[in-house]
S.K.: 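The structure follows.
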Amino acid sequence: MYDEYIKNAVESFEILLRQQLERSEKLATAEAPKDFSKLDSITIGLIGGDGIGPIIMAEAKRLLMKLLADEMESGKVVLKEIEGLTIENRLALGQPVPTDVLSQIKACDVILKGPTTTPKGGTMESANVTLRRELDLYANVRPVSVPEEGIDWMFYRENTEGEYVLGSRGIEIPDNLAMDFKVTTDAGTRRIARAAFEYAKVNGKKRVSVVTKANIMKKTDGKFSKICAEVASEYPEITCDEWYIDIMTANLVNKSIRNQFEVFVLPNLYGDIITDEAAEIQGGVGTAGSANIGDHYAMFEAIHGSAPRMIEDGLANYANPSSIFKAAEMLLRHIGLIERAEKLAEALTLCCETEKKLVVTGTADGDTCKDFADYVISKL
Ligand code: IPM
Ligand code: MG
């Protein structure tokens, strides 16, 4: 009775395999990365997103307008608002990223984006996953620091393959079984490993920790582990160690060893999970920025989601804009506006760590998103 299902599944699988092979071959022949220092003008696309997204993004826009007033005046930087990446519009059009929105995004150099809602189940792909694929944003870079504990972590999460690339294209036999696929390519692993080791080298870091579950996911994580070890051998001055994701999750809450880790490199889903854990250790997911970096585009965002519960509870105005502000800081660094990025970083350290005159808690006891943004902007 399952013959028809099996036949269809095998046919779909062949298509998936061929498409993934094609993707893998393309990766192996990548062009040289874009050099922002050579551009006369840089266009920053601003996307509100869903839930608390438009609220924190409105503050991020105000902050950028203050910080980049001179660059905007001279035409060195252009801010461009992009509408239409909302869950309502995406569902109405049946497209995770509507075609016209995608072409507007591709006309920009970098993007600052509020969180977008991802429907659970169904077949609608997450907008993030689509954008990461379409713009080939292969490195999800997430810094976490707790200065008083000596924690200074940098996560390099593989961002375009692993459990995510076919996450909306699994196979199901109704009321019986479901199967998803995880894909790891040589070229995809090599480029994220190289990004992590290069970061370590350039920033004087001594240790890169590879995190997998290669004892269980033998093919995919096995490959990830092997290729990271190969890349590590090109960096003899950097110690490379490998951990399984379960014990690494425990390590991050082990105060006696956690500050010894520096740089992490890991497959997509483990990176997703552990960076939320790490952000929570820093003070909450509302406090961490996230960069999605490719060779031609880059997209910066808050580490957290659209917070539908805050909207339901009427707490949207108490959303913490710190995470999107940190993302903005990473964006400025990426496009080479280092002095502007430093200025923002100083203001954020003052407001979030040292002076702390206003504190956003995400509840009505805390300060509002707007007041906190005013506070940060006043320090620029
Ligand atoms: C993240 C988010 C996304 C992910 C969602 C929104 C698809 O959790 O950026 O960490 O799972 O990657
Ligand atoms: Mg996540």
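These numbers come from a predicted model, not from an experiment. Whatever order the structure lists ligands and atoms in, that order sets their numbers, starting from 1.
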S.K.: Establish, yes or no, whether a centroid distance under 6.0 Å links the rings of Y270 and W243.
M.R.: no
S.K.: Closest to the Mg ion (ligand 2), which N/O/S atom of D272 is it?
M.R.: OD1
S.K.: Looking only at distances, please establish whether an N/O atom of ligand 1 is found under 3.5 Å from an N/O atom of T116.
M.R.: no
S.K.: Report yes if D272 has an N/O atom closer than 3.5 Å to an N/O atom of ligand 1; otherwise report no.
M.R.: yes
S.K.: Starting from atom 6 (C) of ligand 1, which protein heavy atom do you reach first, and at what distance in Å?
M.R.: T118 OG1, 3.9 Å
S.K.: Atoms of ligand 1 less than 4.0 Å from N128 heavy atoms?
M.R.: 9 (O)
S.K.: Would you say R157 touches ligand 1, if touching means a heavy atom closer than 4.0 Å?
M.R.: yes
S.K.: I'd like to check whether Y164 has a polar contact with ligand 1, where a contact means an N/O of the residue lying under 3.5 Å from an N/O of the ligand.
M.R.: yes
S.K.: Test your reading of the model: is there a side-chain donor-acceptor pair from D50 to the backbone of T117, 3.5 Å cut-off?
M.R.: yes
S.K.: According to the interplanar angle, ranging from 0 to 90°, do the rings of Y199 and Y156 count as parallel (below 30°), tilted (30 to 60°) or perpendicular (above 60°)?
M.R.: tilted
S.K.: Ignoring hydrogens and geometry beyond distance, is a side-chain donor-acceptor pair present between T368 and N317 at under 3.5 Å?
M.R.: no
S.K.: Establish, from distance only, whether the side-chain atoms of N176 and Y2 form a donor-acceptor pair under 3.5 Å.
M.R.: yes
S.K.: I'd like to check which ligand 1 atoms, numbered from 1 as shown, lie under 4.0 Å from a non-hydrogen atom of S126.
M.R.: 7 (C)
S.K.: Indicate whether any N or O donor in one side chain lies under 3.5 Å from an N or O acceptor in the other, for Y318 and D365.
M.R.: no
S.K.: Looking only at side-chain N and O atoms, does S290 offer a donor or acceptor that is under 3.5 Å from a partner on N140?
M.R.: yes
S.K.: Below 4.0 Å, non-hydrogen atoms only: which portion of R132 touches ligand 1? Side chain, backbone, both or neither.
M.R.: side chain
S.K.: For ligand 1, is any non-hydrogen atom under 4.0 Å from R142's backbone (N, CA, C, O), its side chain (CB onward), both, or neither?
M.R.: side chain
